[in-house]
Undergrad: 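Here it is, the structure, as C-alpha coordinates.
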Protein chains: 2
Amino acid sequence: MNKYYSITELTREFGISTRTLRFYEDEGLIHPERRGRTRLFRPADRRLIQEILRGRRIGFTIAEIREIIQVYKDPPGEMGQLRLLMSRVEEKREELRQKRKDIEDTLAELDNVEEACLTRLAEIGVGT
Amino acid sequence: MNKYYSITELTREFGISTRTLRFYEDEGLIHPERRGRTRLFRPADRRLIQEILRGRRIGFTIAEIREIIQVYKDPPGEMGQLRLLMSRVEEKREELRQKRKDIEDTLAELDNVEEACLTRLAEIGVGT
DNA sequence: TTTGACTTTTACGTCAAGGTCAACGATAGT
DNA sequence: ACTATCGTTGACCTTGACGTAAAAGTCAAA
(Lines give C-alpha, C1' and ligand atoms only; values in the text may rest on other atoms or scores of the structure.)
Protein backbone atom coordinates (compact mmCIF):
# COMPACT_ATOMS: atom_id res chain seq x y z
CA MET A 1 0.00 0.00 0.00
CA ASN A 2 2.26 2.74 1.33
CA LYS A 3 0.36 5.72 0.04
CA TYR A 4 2.19 8.46 -1.75
CA TYR A 5 1.20 12.10 -1.96
CA SER A 6 1.88 14.21 -5.00
CA ILE A 7 3.34 17.65 -4.58
CA THR A 8 0.14 19.50 -5.50
CA GLU A 9 -1.88 17.29 -3.24
CA LEU A 10 0.15 18.57 -0.34
CA THR A 11 0.21 22.18 -1.49
CA ARG A 12 -3.57 22.07 -1.56
CA GLU A 13 -3.87 20.48 1.82
CA PHE A 14 -1.53 22.96 3.46
CA GLY A 15 -2.23 26.04 1.41
CA ILE A 16 1.33 26.50 0.25
CA SER A 17 2.98 26.56 -3.17
CA THR A 18 5.04 23.95 -4.96
CA ARG A 19 7.85 26.44 -4.89
CA THR A 20 7.77 26.34 -1.13
CA LEU A 21 8.04 22.56 -0.95
CA ARG A 22 10.86 22.47 -3.48
CA PHE A 23 12.55 25.23 -1.58
CA TYR A 24 12.28 23.22 1.62
CA GLU A 25 13.88 20.30 -0.15
CA ASP A 26 16.71 22.50 -1.44
CA GLU A 27 17.19 23.69 2.11
CA GLY A 28 17.49 20.14 3.32
CA LEU A 29 14.35 20.10 5.42
CA ILE A 30 12.63 17.29 3.55
CA HIS A 31 13.81 14.45 1.35
CA PRO A 32 10.91 13.06 -0.64
CA GLU A 33 11.49 9.97 -2.74
CA ARG A 34 11.67 10.10 -6.51
CA ARG A 35 10.20 8.16 -9.33
CA GLY A 36 12.28 9.42 -12.19
CA ARG A 37 12.44 13.13 -11.46
CA THR A 38 9.03 13.32 -9.88
CA ARG A 39 8.79 13.76 -6.12
CA LEU A 40 6.80 11.26 -4.11
CA PHE A 41 5.84 12.25 -0.60
CA ARG A 42 5.12 9.64 2.01
CA PRO A 43 3.09 10.05 5.19
CA ALA A 44 6.25 10.65 7.15
CA ASP A 45 7.18 13.48 4.79
CA ARG A 46 3.72 14.86 5.23
CA ARG A 47 4.00 14.88 9.00
CA LEU A 48 7.38 16.52 8.76
CA ILE A 49 5.90 19.25 6.59
CA GLN A 50 3.25 19.83 9.22
CA GLU A 51 5.93 20.37 11.80
CA ILE A 52 7.86 22.66 9.52
CA LEU A 53 4.76 24.79 9.02
CA ARG A 54 4.12 24.89 12.71
CA GLY A 55 7.67 26.11 13.21
CA ARG A 56 7.11 28.69 10.54
CA ARG A 57 3.93 29.95 12.16
CA ILE A 58 5.69 30.63 15.42
CA GLY A 59 8.47 32.48 13.67
CA PHE A 60 11.30 30.00 13.44
CA THR A 61 13.70 30.54 10.55
CA ILE A 62 14.53 27.80 8.08
CA ALA A 63 17.88 27.36 9.77
CA GLU A 64 16.28 26.88 13.17
CA ILE A 65 13.77 24.42 11.83
CA ARG A 66 16.53 22.48 10.12
CA GLU A 67 18.43 22.37 13.36
CA ILE A 68 15.49 20.98 15.30
CA ILE A 69 14.91 18.34 12.64
CA GLN A 70 18.57 17.38 12.82
CA VAL A 71 18.32 16.86 16.54
CA TYR A 72 15.38 14.55 16.08
CA LYS A 73 16.90 12.29 13.50
CA ASP A 74 20.41 12.35 14.87
CA PRO A 75 20.84 13.35 18.51
CA PRO A 76 24.49 14.13 19.21
CA GLY A 77 26.52 11.40 20.87
CA GLU A 78 29.26 13.50 22.35
CA MET A 79 28.96 14.97 25.80
CA GLY A 80 29.95 18.57 25.07
CA GLN A 81 27.64 18.63 22.10
CA LEU A 82 24.81 17.38 24.23
CA ARG A 83 25.32 20.05 26.85
CA LEU A 84 25.51 22.70 24.17
CA LEU A 85 22.31 21.41 22.65
CA MET A 86 20.55 21.44 25.97
CA SER A 87 21.46 25.01 26.67
CA ARG A 88 20.26 26.02 23.23
CA VAL A 89 17.03 24.18 23.85
CA GLU A 90 16.58 26.03 27.10
CA GLU A 91 17.10 29.34 25.29
CA LYS A 92 14.46 28.44 22.75
CA ARG A 93 12.05 27.53 25.50
CA GLU A 94 12.58 30.83 27.23
CA GLU A 95 11.96 32.60 23.95
CA LEU A 96 8.75 30.65 23.43
CA ARG A 97 7.51 31.38 26.91
CA GLN A 98 8.08 35.07 26.27
CA LYS A 99 6.23 34.79 23.02
CA ARG A 100 3.35 33.06 24.69
CA LYS A 101 3.12 35.85 27.21
CA ASP A 102 3.22 38.42 24.41
CA ILE A 103 0.36 36.62 22.75
CA GLU A 104 -1.69 36.47 25.90
CA ASP A 105 -1.19 40.17 26.56
CA THR A 106 -2.16 40.96 23.02
CA LEU A 107 -5.23 38.77 23.21
CA ALA A 108 -6.28 40.68 26.30
CA GLU A 109 -5.79 43.95 24.46
CA LEU A 110 -7.86 42.74 21.56
CA ASP A 111 -10.59 41.94 24.08
CA ASN A 112 -10.54 45.60 25.00
CA VAL A 113 -10.65 46.70 21.41
CA GLU A 114 -13.65 44.50 20.83
CA GLU A 115 -15.41 45.87 23.85
CA ALA A 116 -14.71 49.43 22.79
CA CYS A 117 -16.18 48.57 19.41
CA LEU A 118 -19.31 47.15 20.97
CA THR A 119 -19.75 50.22 23.14
CA ARG A 120 -19.30 52.41 20.12
CA LEU A 121 -21.81 50.38 18.16
CA ALA A 122 -24.33 50.71 20.96
CA GLU A 123 -23.88 54.48 20.98
CA ILE A 124 -24.41 54.68 17.28
CA GLY A 125 -27.33 52.32 17.48
CA VAL A 126 -29.01 54.50 20.07
CA GLY A 127 -28.49 57.60 18.00
CA THR A 128 -30.06 56.00 14.95
CA MET B 1 9.59 67.84 34.43
CA ASN B 2 8.22 65.71 31.56
CA LYS B 3 11.23 63.51 31.08
CA TYR B 4 12.62 62.98 27.63
CA TYR B 5 14.54 60.00 26.37
CA SER B 6 17.26 60.28 23.78
CA ILE B 7 17.32 57.86 20.89
CA THR B 8 20.35 55.94 22.11
CA GLU B 9 18.91 55.71 25.56
CA LEU B 10 16.01 53.79 24.11
CA THR B 11 18.09 51.67 21.76
CA ARG B 12 20.12 50.56 24.75
CA GLU B 13 17.10 49.82 26.85
CA PHE B 14 15.42 47.77 24.16
CA GLY B 15 18.41 46.31 22.42
CA ILE B 16 17.59 47.76 19.04
CA SER B 17 19.40 50.14 16.69
CA THR B 18 18.83 53.80 15.99
CA ARG B 19 18.13 52.77 12.44
CA THR B 20 15.21 50.72 13.68
CA LEU B 21 13.65 53.61 15.57
CA ARG B 22 14.11 56.01 12.68
CA PHE B 23 12.67 53.36 10.40
CA TYR B 24 9.63 53.08 12.65
CA GLU B 25 9.20 56.81 12.45
CA ASP B 26 9.44 56.75 8.66
CA GLU B 27 6.82 54.04 8.70
CA GLY B 28 4.53 56.21 10.77
CA LEU B 29 4.54 54.06 13.87
CA ILE B 30 5.96 56.71 16.19
CA HIS B 31 6.10 60.49 16.18
CA PRO B 32 8.72 61.70 18.62
CA GLU B 33 9.00 65.41 19.22
CA ARG B 34 11.90 67.44 17.89
CA ARG B 35 14.22 69.99 19.27
CA GLY B 36 15.79 71.26 16.08
CA ARG B 37 16.43 68.07 14.17
CA THR B 38 17.02 65.95 17.25
CA ARG B 39 14.36 63.49 18.30
CA LEU B 40 12.97 63.65 21.80
CA PHE B 41 11.07 60.63 23.04
CA ARG B 42 8.52 60.96 25.79
CA PRO B 43 7.26 58.24 28.10
CA ALA B 44 4.26 57.73 25.86
CA ASP B 45 6.57 57.16 22.91
CA ARG B 46 8.52 54.73 24.99
CA ARG B 47 5.44 52.73 25.87
CA LEU B 48 4.40 52.69 22.27
CA ILE B 49 7.78 51.32 21.30
CA GLN B 50 7.34 48.57 23.83
CA GLU B 51 4.09 47.61 22.21
CA ILE B 52 5.62 47.72 18.77
CA LEU B 53 8.36 45.38 19.88
CA ARG B 54 5.85 43.05 21.43
CA GLY B 55 4.00 42.98 18.14
CA ARG B 56 7.24 42.30 16.36
CA ARG B 57 8.08 39.39 18.65
CA ILE B 58 4.85 37.65 17.86
CA GLY B 59 5.34 38.09 14.16
CA PHE B 60 3.19 41.05 13.23
CA THR B 61 4.34 43.01 10.21
CA ILE B 62 4.92 46.75 10.32
CA ALA B 63 1.68 47.25 8.44
CA GLU B 64 -0.29 45.21 10.95
CA ILE B 65 1.27 47.01 13.87
CA ARG B 66 0.50 50.34 12.27
CA GLU B 67 -3.07 49.29 11.81
CA ILE B 68 -3.49 48.33 15.44
CA ILE B 69 -1.99 51.62 16.54
CA GLN B 70 -4.39 53.46 14.29
CA VAL B 71 -7.33 51.73 15.89
CA TYR B 72 -6.17 52.80 19.30
CA LYS B 73 -5.73 56.46 18.57
CA ASP B 74 -8.63 56.80 16.24
CA PRO B 75 -11.38 54.16 16.46
CA PRO B 76 -13.63 54.41 13.42
CA GLY B 77 -16.93 56.23 13.88
CA GLU B 78 -18.86 54.74 11.04
CA MET B 79 -20.90 51.60 11.54
CA GLY B 80 -19.69 49.57 8.55
CA GLN B 81 -16.10 50.42 9.41
CA LEU B 82 -16.67 49.27 12.95
CA ARG B 83 -18.10 45.94 11.87
CA LEU B 84 -15.23 45.46 9.45
CA LEU B 85 -12.76 46.23 12.19
CA MET B 86 -14.38 43.80 14.56
CA SER B 87 -14.25 40.97 12.09
CA ARG B 88 -10.60 41.70 11.42
CA VAL B 89 -9.94 41.72 15.14
CA GLU B 90 -11.63 38.35 15.43
CA GLU B 91 -9.40 36.99 12.67
CA LYS B 92 -6.33 38.21 14.45
CA ARG B 93 -7.47 36.60 17.65
CA GLU B 94 -8.00 33.28 15.94
CA GLU B 95 -4.53 33.54 14.47
CA LEU B 96 -3.07 34.27 17.87
CA ARG B 97 -4.89 31.39 19.49
CA GLN B 98 -3.47 29.08 16.82
CA LYS B 99 -0.04 30.48 17.44
CA ARG B 100 -0.38 29.94 21.15
CA LYS B 101 -1.31 26.34 20.54
CA ASP B 102 1.67 25.92 18.22
CA ILE B 103 3.89 27.29 20.92
CA GLU B 104 2.48 25.00 23.56
CA ASP B 105 2.92 21.96 21.34
CA THR B 106 6.46 22.97 20.58
CA LEU B 107 7.23 23.54 24.24
CA ALA B 108 6.01 20.03 24.94
CA GLU B 109 8.25 18.69 22.21
CA LEU B 110 11.22 20.53 23.60
CA ASP B 111 10.49 18.86 26.91
CA ASN B 112 10.93 15.55 25.14
CA VAL B 113 14.15 16.65 23.54
CA GLU B 114 15.48 17.67 26.91
CA GLU B 115 14.54 14.37 28.44
CA ALA B 116 16.15 12.47 25.61
CA CYS B 117 19.29 14.51 26.19
CA LEU B 118 19.29 13.71 29.89
CA THR B 119 18.85 10.01 29.21
CA ARG B 120 21.68 10.12 26.72
CA LEU B 121 23.88 11.97 29.18
CA ALA B 122 23.18 9.34 31.81
CA GLU B 123 24.16 6.58 29.41
CA ILE B 124 27.39 8.28 28.56
CA GLY B 125 28.03 9.05 32.19
CA VAL B 126 27.66 5.39 33.08
CA GLY B 127 30.01 4.29 30.33
CA THR B 128 32.71 6.71 31.49
C1' DT C 1 -3.28 13.73 -31.48
C1' DT C 2 -4.12 17.56 -29.30
C1' DT C 3 -5.53 19.42 -25.06
C1' DG C 4 -5.11 19.79 -20.22
C1' DA C 5 -3.29 18.94 -15.89
C1' DC C 6 0.56 17.79 -13.76
C1' DT C 7 5.53 17.61 -13.21
C1' DT C 8 10.61 19.11 -13.61
C1' DT C 9 14.94 22.48 -13.47
C1' DT C 10 17.11 26.99 -13.86
C1' DA C 11 17.21 31.53 -13.02
C1' DC C 12 16.01 36.10 -12.13
C1' DG C 13 12.62 39.11 -9.27
C1' DT C 14 10.51 40.81 -5.03
C1' DC C 15 9.37 42.36 -0.46
C1' DA C 16 10.01 43.34 4.45
C1' DA C 17 12.95 44.80 7.87
C1' DG C 18 16.39 46.60 8.78
C1' DG C 19 22.19 47.10 8.09
C1' DT C 20 25.79 49.94 6.61
C1' DC C 21 28.22 53.90 4.98
C1' DA C 22 29.03 58.67 3.89
C1' DA C 23 28.97 63.26 5.09
C1' DC C 24 27.75 66.36 8.16
C1' DG C 25 26.10 69.39 12.67
C1' DA C 26 25.99 70.21 17.80
C1' DT C 27 28.03 69.86 22.22
C1' DA C 28 31.21 68.71 25.93
C1' DG C 29 35.73 67.60 27.83
C1' DT C 30 40.84 68.18 27.79
C1' DA D 1 41.96 73.62 18.96
C1' DC D 2 41.28 68.87 18.94
C1' DT D 3 38.82 64.75 19.86
C1' DA D 4 34.78 62.09 21.37
C1' DT D 5 30.23 61.32 21.60
C1' DC D 6 25.80 61.74 20.05
C1' DG D 7 22.74 63.35 16.76
C1' DT D 8 21.02 64.06 11.72
C1' DT D 9 19.73 62.72 6.51
C1' DG D 10 20.16 60.03 2.35
C1' DA D 11 21.46 56.31 -0.30
C1' DC D 12 22.51 51.97 -1.33
C1' DC D 13 23.11 46.89 0.48
C1' DT D 14 21.75 42.52 2.56
C1' DT D 15 19.05 38.50 4.04
C1' DG D 16 15.29 35.35 4.26
C1' DA D 17 11.59 33.29 2.14
C1' DC D 18 9.74 32.63 -1.25
C1' DG D 19 7.24 34.43 -6.34
C1' DT D 20 7.38 34.10 -11.10
C1' DA D 21 8.50 33.04 -15.71
C1' DA D 22 10.81 30.08 -19.22
C1' DA D 23 11.42 25.79 -21.37
C1' DA D 24 10.50 21.28 -21.30
C1' DG D 25 8.96 16.24 -19.96
C1' DT D 26 4.83 12.81 -18.69
C1' DC D 27 0.43 11.00 -18.85
C1' DA D 28 -4.71 10.51 -19.30
C1' DA D 29 -8.94 11.87 -21.50
C1' DA D 30 -11.52 13.50 -25.58
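Labels below follow one simple rule: chain letters A, B, ... track the order of the sequence lines, proteins then strands, and each chain is numbered from 1.
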Undergrad: Do NZ/NE/NH1/NH2 and the carboxylate oxygens of B/Glu67 and B/Lys92 come within less than 4.0 Å?
TA: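 No, no charged N to carboxylate O under 4.0 Å.
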Undergrad: Counting only heavy atoms from other residues, nucleotides and ligands, does the tally under 6.0 Å from CZ of A/Arg34 exceed 12?
TA: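 Result for CZ/A/Arg34: enclosed.
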Undergrad: Return the residues of residues 6-36 of chain A meeting this criterion: a heavy atom under 4.0 Å from some atom of DNA chain D. Order them by number, or give none.
TA: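 Result for residues 6-36 of chain A: A/Ser17, A/Arg19, A/Thr20, A/Phe23, A/Tyr24, sorted by number.
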Undergrad: Is any side-chain heavy atom of B/Arg39 closer than 4.5 Å to a side-chain heavy atom of B/Leu21?
TA: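 A side-chain contact is absent here, since even the closest heavy-atom pair is not under 4.5 Å.
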Undergrad: Does the pair A/Arg54/B/Glu104 count as a salt bridge with the N-to-O cut at 4.0 Å?
TA: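 B/Glu104 and A/Arg54: not salt-bridged.
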Undergrad: Look at A/Glu25 together with A/Arg22 and state whether they make a salt bridge at an N to O cut-off of under 4.0 Å.
TA: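 So A/Glu25 does not pair with A/Arg22 through a salt bridge.
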Undergrad: State whether a side-chain donor-acceptor pair under 3.5 Å links A/Tyr72 with B/Glu109.
TA: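 Present: a donor and an acceptor within the cut-off.
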Undergrad: Can you tell me how far C1' of C/dT8 sits from CZ of A/Arg37, to the nearest Å?
TA: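 The distance from CZ of A/Arg37 to C1' of C/dT8 comes to 5 Å, rounded to the nearest Å.
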Undergrad: Looking only at non-hydrogen atoms, find the nearest pair between B/Cys117 and A/Leu85 and report the distance.
TA: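 Shortest heavy-atom separation between B/Cys117 and A/Leu85 comes out as SG-CD2, 3.7 Å.
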Undergrad: Calculate the interatomic distance between B/Arg39 atom CZ and C/dA26 atom P; express it in whole Å.
TA: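 It works out to 16 Å between those atoms.
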Undergrad: Using a strict heavy-atom distance below 4.0 Å, which residues from residues 54-72 of chain B are in contact with DNA chain D?
TA: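 By residue number: none to list.
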Undergrad: Check this for me, if you would: do B/Lys101 and B/Asp105 make a salt bridge, where the nitrogen-to-carboxylate-oxygen distance has to be below 4.0 angstrom?
TA: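 Result for this pair is yes, salt bridge flagged.
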